[in-house]
Structure formats: structure tokens, C-alpha cells
> 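I'd like to ask you about the structure that follows.
None of these values were measured; they are calculated from a predicted model. Letters A, B, ... mirror the listed sequences (proteins, then strands); counts begin at 1. When reading the values below, keep in mind they use all heavy atoms of this one structure, side chains included, and skip hydrogens, waters and symmetry mates.
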Amino acid sequence: MKQLKIAVVLVLIGGVLTTVAFLMAFYTAEVQQFGTVTFDAPIETVFPVAPDQLQPAEGIAYVRPWFSQKIFYFHVPVAEASFLVLIISAIFAVRFLMTKRAEYDTKSRIAMETSLVFVVLTMITGVLWTKASWGVWWEWEPRLTTYFIMMLMMIAYFVLRNSIEEEERRATYAAVFAILAAINAPLSFMITRVIPSNHPVVFQPGMASSNLMPFIVAQIGMLMIGYGIYVSRMSEERLRERVEIAKETLEG
Amino acid sequence: MARERTSNMSSWRQFKAILKKDIVMELRTKEMLTSMGLYALLVLVVYYITLSQAGADFEVRRIAAGLLWLVFIFTSLLGLNRSLVHEKDQGCLDALLISPTDRPVIFFGKAVGNLIFLLIVEVMIVPLFFFIFLSRPGAASGGPMWMLALALLVGSIGIAGVGTLLATMSVNTKGKDFILAVLFIPIMFPLLLAVVAASAAVLQADPGYVNTYWQMMGIAAGYDAVMLLAAFALYEFVLGA
């Protein structure tokens, strides 16, 4: 129960931090020159329409207020959290294969669930940004493709789990697949990187601290929320196990 | 020293025995090759149907590499599933587990068997594919054939190796072939992207294609190395469960 309290507190703090980061993104962060785009004139206003230098030579022009950039402060922390949690899940999977203790299987599964939540959030924010910034909902662009594949692997993980009834076999196969997925994610990241991409690379030398601050705050907040989700799901699992045991004792 | 030598010899013999078992069974029933070959032929017919309205000036060569790999992806899914379903239905996998065979040997035996069947299907299908789709007089010709063959080989090694692991898992589930597809395609994604890019470079032979080809082959080989190692290490756990 103590853990559950910690989880609730973490989710609350995380929520506050993300909200703060959200406000900072709108009120203190400068509009930034992103990745492939270069322009000289500074941009003064808080909610500008994208300047002329950024209008693409052909295709759809940026007609909306340049809100789309603000999604960065949410999108990137979520995406990074998802990668981190996937790796944690794989580490638990390795631990399970080494020890064969059911507790690591549960931990690995819950971590994978948490990661899937983040992946879905990243996909939603990413698609919104793509529409706002590139004028299309989806493009088979390296970063998007990689992420899509990662989501498919996580869904496959749960499909695999659901189709096996024996507990130990399910745990082992799931652990093996989680490890394969964690090895595969960087590989598909690498292969798609070889193809030239127009996904912005945001972290460059000379990034303004007013941009960096909300990002870091959002990242910490997001990790706290992630840990909170993980811990509360874990304690839910533990409670369920206790209920199962209690049921069995009553029946027996 | 002498003892190590005998154990090496016996692993090699075990490997040969498992491989021989698969090949002898195939020679008797001819089931894998007929089903995979026929399936591949049917996919070619489906290609004809899908491309039939594309018009006379449509250059099939631009998408030929993708089409070629599509046949082999579907065919290998079928083949991998069948090869492991046999093992399971006839209780052969259990028997292998009881016998004093090293687990890695089982993995290599099955993977090499699958690789051989896949390669045989490729040898049959590739000339036919060229004959049906790419032999139009006056059409542009591609790069040297050995480059395509190398791309097919490297791709098939990855498919057979990692596919054997995934198929061993999927035959023990409720969904069997469906589960295999769900697991196989995302895991194979980097390899398939790389080998399709390499094959397309050869088939289209645009200027500077040799560089693209070797770059993509490097990635494919890297994938094979990393993922085969992982599959090899994890196979023991899958068999044990």
C-alpha cells in the first residue's frame, strides 16, 4: 500500500511538472529554428505564424499559427520515456530468463504496458505535428516508420502472450520476444537513419536555455508519471494475486 | 584435448543427423517444396493480376526487387510454419529434447534445413520471375546477377535463422501461422528494408548503385550477425519452455 501512495504522489508531481512545462513552452520558450530549416531574423512574438523563410518552396504553406512547435515539449519526452521503459522491460526479461521467477515476468509485462502507453501518446502527438507542420497525416519517413514498427512489436508481444495458456511457457516466450524487440528497435532506427530524413533534429549546440528548461521539466515529469503508472499497475497485480490465493484457500 | 575433439565431432554428427532427417523426410514426402513452390507460383499469378492494368509503359523493374522479396517473405512464412508444425505434430521436437543432443545443434540443424528449402525455392522462382516480368525486349537491364544472388543469400540467412526461433515459438501457441506473421514481420523489418534496397539497387542499376548496394548489404550483414547471435542464445530457453 505504501508503494501505491508513492505512485499516486509521483503521478501528481509528474502531472504538475508536465503542466508547468506546458505553460513554459507557451510563455517562456522562444520559437526555435528547427533542424533542417535555417533562417536569420529573430522572431519576436509568442504565437507567430511561421515566417516567410520557413515557408516551403512548394507544397502546402504554413498558414496556421506556429503552435506546432509547442508539441515538441510533450512529444520528445514521451518518446524518450518509451524507449527507456522498453529497455527496462527487456532487462526484466533477461532477469526472468536467468532466474525463472514469475515476479520478473510480471515486471517485464507491466513495463511493456507502460511503454506501450507512451508509444501511443508519441504516435498521437507525432501525427498531429506532422499534419500541422508537413501538411500530411502520415509519411513513411524514417523516424515515423521506426516508431510504427516498435509499436507493432509491442502489440505483437501482447498478442503472443494472449495466445499461450501455460504460464511458464508464456513467460519464457514473452521474455524472449521482449529481448528481440529491444535489440531490434535500435537496429531499425539505424537502418532508417541511413536514408536521408526530414524529421527535425532538435538538440543542437546553441539551443536556447528557455527551450531546454521546459523540455527537461517535461522529461522529468513524464518519467515520474511513467514510474507512477508502473508502480500502481504492479501493486494492482500483487493485489490480484492475493485475491487469487484467497479464493483458492476459500474453495480448497 | 582428445575429449574436446570427440565432442566437436559428435556435435557435427548430431547437426548432420538433424539436417539429414529434414532432407530425407522432404525427399520422401516432397511436401515442403511443393507447397512453398506452388505458393510462390500463385503469388506470381497474383502479381500478374495486380499489374495487369498498369499500362504498357509501366516499368516493372522499378518495383521488381520489392515484388521478388514479397514472394519470398510469404513463402518463407509458409515454409517456416510447416517445418516446425511437422516437428511438433509428429512429436519429433520432444524426441530431440529427450535425446542427448545439444540445444544449439538443434537450432542450427533446423535453421540450415529451412535455409536450404528457402534457397531452393529462390533458385526456382528468380529465373521464372525474370522470364515473366523482366524479359521485355528493349527494357533496361540491371547490374550483375551475382550481386542479386548475394542479397538473396544474406536475406535468406536472416529469415531462416531468426524465423526458426520465431516459428518454434509460434507453433506452440493457439494462433500458429497468424502469430508467426505478427512476430516475424516487425522483427524482420530492418533486414527486409536493407535487402530490398540492395536488390533494388542492383535491378535498377542507377548510377552509383554499387555504393548503395554495399552500404545496404553491410546493414543486412550486421543485422544477420546481431540477430542470429541473439536467436542462437535465446533458442535454448524457447526449447526448454
> Go through the steps to decide whether B:Val182 and A:Leu160 satisfy the test side chain to side chain contact (heavy atoms under 4.5 Å, CB included), and finish with yes or no.
CA-CA 9 Å; B:Val182 170; A:Leu160 178 68; over 6 Å; no
> With a 4.5 angstrom heavy-atom cut-off, which part of B:Tyr235 approaches chain A: side chain, backbone, both or neither?
neither
> From B:Leu234 CG over to A:Thr172 OG1, what is the distance, rounded to the nearest 0.5 angstrom?
11.0 Å
> Among B:Thr168, B:Ile179, B:Leu183, B:Val162, which has the most heavy-atom pairs under 4.5 Å with chain A?
B:Leu183
> Is any residue of residues 177-185 of chain A within less than 4.5 Å of chain B by heavy atoms, and which ones?
A:Phe177, A:Ile179, A:Leu180, A:Ala181, A:Ile183, A:Asn184
> Take atom CD of A:Glu244 as the centre, draw a 6.0 Å sphere, and report whether it contains more than 12 heavy atoms from other residues, nucleotides or ligands.
yes
> Got more than 12 heavy atoms from elsewhere within 6.0 Å of OH, A:Tyr147?
yes
> Please identify, among B:Thr173, B:Leu166, B:Leu165, the residue contributing the most non-hydrogen atom pairs under 4.5 Å to chain A.
B:Thr173
> What's the verdict on side chain to side chain contact (heavy atoms under 4.5 Å, CB included) for B:Phe189 and A:Leu152, showing C-alpha distance, side-chain angles and the deciding distance?
CA-CA 11 Å; B:Phe189 170 79; A:Leu152 284 181; over 6 Å; no
> Side chain, backbone, both or neither: which part of A:Glu165 has a non-hydrogen atom closer than 4.5 Å to chain B?
side chain
> Closest heavy-atom contact between A:Ser163 and B:Gly175?
CB-N, 4.3 Å
> Tell me, yes or no, whether the heavy-atom count around B:Phe74 atom CZ, taken from other residues, nucleotides or ligands under 6.0 Å, exceeds 12.
no
> Taking all heavy atoms of A:Leu97 and all of B:Phe237, pick out the closest pair and write down the distance.
O-CE2, 3.6 Å
> Residues of residues 146-157 of chain B under 4.5 Å from chain A (heavy atom pairs)?
none
> Strictly less than 4.5 Å between heavy atoms, which residues of residues 220-230 of chain B line up against chain A? Please order them by number.
B:Tyr223, B:Val226, B:Met227, B:Ala230
> Apply ring pair (Phe, Tyr, Trp, His ring centres under 6.0 Å) to B:Phe232 and list each qualifying residue two or more places apart in sequence or on a separate chain.
B:Phe108
